[in-house]
There are 2 protein chains.
Amino acid sequence: MDKRELLLEAATKLFVERGLHATPTSAISKEAGVSAGILFHYFKTKDDLIDELYVSIKKEYTSSIMSDLDKIHSDLGKLRLIWSNSWNWAIDNDLKFKFLLQVDNTSCAERVKTHPEIIAKYELFHNLIQEYVDKELIKNMDAYFIMGSMFGLITSMVSYLTQFPDKRNDQLFIEQAWEVFSNSLRP
Amino acid sequence: MDKRELLLEAATKLFVERGLHATPTSAISKEAGVSAGILFHYFKTKDDLIDELYVSIKKEYTSSIMSDLDKIHSDLGKLRLIWSNSWNWAIDNDLKFKFLLQVDNTSCAERVKTHPEIIAKYELFHNLIQEYVDKELIKNMDAYFIMGSMFGLITSMVSYLTQFPDKRNDQLFIEQAWEVFSNSLRP
DNA sequence: TTTTTAAGTGACTAATCACTCAACAAAAGT
DNA sequence: ACTTTTGTTGAGTGATTAGTCACTTAAAAA
């Protein structure tokens with residue numbers, strides 16, 4: 001078992017449960033079942049661990065929302081796939097998603113948001129949105145604003161589905177939620 | 001000058017700048033220009049300070065978004081006022097808003113979300129939304145889902161306006177943003 | 001085989017932290 | 001005037017924490 005990975009997993013769990021400020025490194029290594037010292041072999045400092053964890057989860061998220069797009073050929077179909085990819089990933093990885101929410105609005109996210117690989121993924125997403133704007137499939141506004149609105153709606157949907165898990169398989173609900181989302185972007 | 005208030009203000013600033021986990025109580029009292037001990041005269045513990053800060057800001061926010069509603073008589077006008085109240089408050093109080101974002105997704109928000117005064121404000125808001133749903137002014141979905149969508153969109157709009165401040169007075173932008181919002185709720 | 005490099009341990013430490021407390025100052029009561 | 005209550009200080013304390021280090025084990029490289 002990769003101890004680095006064990007540490008990242010343990011950190012995710014504890015950070016979400018207790019918050020960054022209430023999770024000592026000793027608790028992380030204990031939860032991971034490894035020695036206290038090894039954490040500082042893989043990560044220079046605690047902040048370094050937080051940064052790397054944030055980057056790796058952000059990468060995973062941004063990758064997963066763009067997956068299987070090539071299998072869909074209609075334009076709105078692609079948008080709907082991104083939408084469902086997003087909330088599906090968030091629900092399947094709720095600890096990771098909660099960690100993202102917690103750190104996204106934090107100063108330590110600033111340190112990290114410039115990471116080239118993450119910027120690249122966002123550019124990809126941005127270009128796709130811009131394409132839709134150009135094709136007049138969605139409202140003619142700044143693509144970054146539209147991306148933000150998407151994330152805002154997806155985040156609130158995920159929070160709702162976390163609170164009411166039985167809605168996850170409620171096709172009527174899913175369809176209505178999609179309508180809320182797609183109506184908001186309609187030109 | 002009320003030292004309790006000075007402490008809360010200093011805490012807001014530092015928590016947003018450095019994060020909860022990197023802000024010692026000593027830094028808070030220093031920033032507030034008061035002695036280290038007085039913090040524990042007004043707040044039992046550091047967590048208590050965080051809780052009280054969160055509650056007071058949340059109260060202020062929930063109050064302000066519902067203000068002046070009685071001056072408006074058309075239904076959609078009221079909804080639009082809530083919408084603009086929200087992002088105006090968030091922009092005028094960006095530190096406080098950032099603090100809310102940071103703590104909202106945290107385990108320590110759980111401790112506090114049950115606060116009766118906050119629940120009361122949300123009930124008020126919830127009832128208004130439910131009224132709109134009943135009048136078929138907005139989509140027939142669970143009012144809590146709709147509230148969540150509203151907050152999601154408002155949050156993303158505020159983030160955007162924080163990044164591009166010159167858009168704040170761009171009437172075309174404001175109007176389009178309102179359309180995004182109101183379209184999303186259209187029945 | 002021998003040497004070098006990397007992975008891993010856990011007791012240890014220096015620094016930091018949340019929080020206390022004895023002393024004092026200023027109102028507020030009486 | 002005197003007493004009580006409340007606000008305020010900052011040095012001090014014990015506990016906790018991030019991070020180190022001397023050392024062990026394992027695996028590559030030479």
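Letters go in sequence order (proteins before strands), and every chain restarts at 1.
Using a 4.0 Å cut-off between charged side-chain N and carboxylate O, A:E117 and A:K121 make no salt bridge. Between A:E52 and A:R4 there is a salt bridge, with a side-chain nitrogen of the basic residue lying less than 4.0 Å from a carboxylate oxygen of the acidic one.
With sequence neighbours left out, B:R168 forms a side-chain contact (heavy atoms from CB on, under 4.5 Å) with B:I91, B:L161, B:P165. With sequence neighbours excluded, the residues that form a salt bridge (charged side-chain N to carboxylate O under 4.0 Å, His left out) with B:D68 are B:K71.
The footprint of chain A on DNA chain C, defined by a heavy-atom cutoff below 4.0 Å, extends from C:dA7 to C:dG10.
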Counting primed atoms, P, OP1 and OP2 as sugar-phosphate and everything else as base, the B/S/- map of nucleotides 6-25 of chain D against protein heavy atoms under 4.0 Å is -SBBB------SSBB-----
Identify each donor-acceptor pair in which a side-chain atom of residues 27-35 of chain B lies under 3.5 Å from a protein atom, sequence neighbours left out, and give them as a table.
| residue | atom | partner | partner atom | Å |
| --- | --- | --- | --- | --- |
| B:S29 | OG | B:T25 | O | 3.3 |
| B:S29 | OG | B:S26 | O | 3.1 |
| B:E31 | OE2 | B:K13 | NZ | 3.1 |

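Atom CD of B:E123 is surrounded by more than 12 heavy atoms from other residues, nucleotides or ligands within 6.0 Å.
Sorted by first and then second residue, the ring-ring contact (aromatic ring centres under 6.0 Å, His included) pairs with a member in residues 110-153 of chain A read A:F125-A:F151, A:H126-A:Y144, A:F145-B:Y160, A:F145-B:F173; sequence neighbours excluded.
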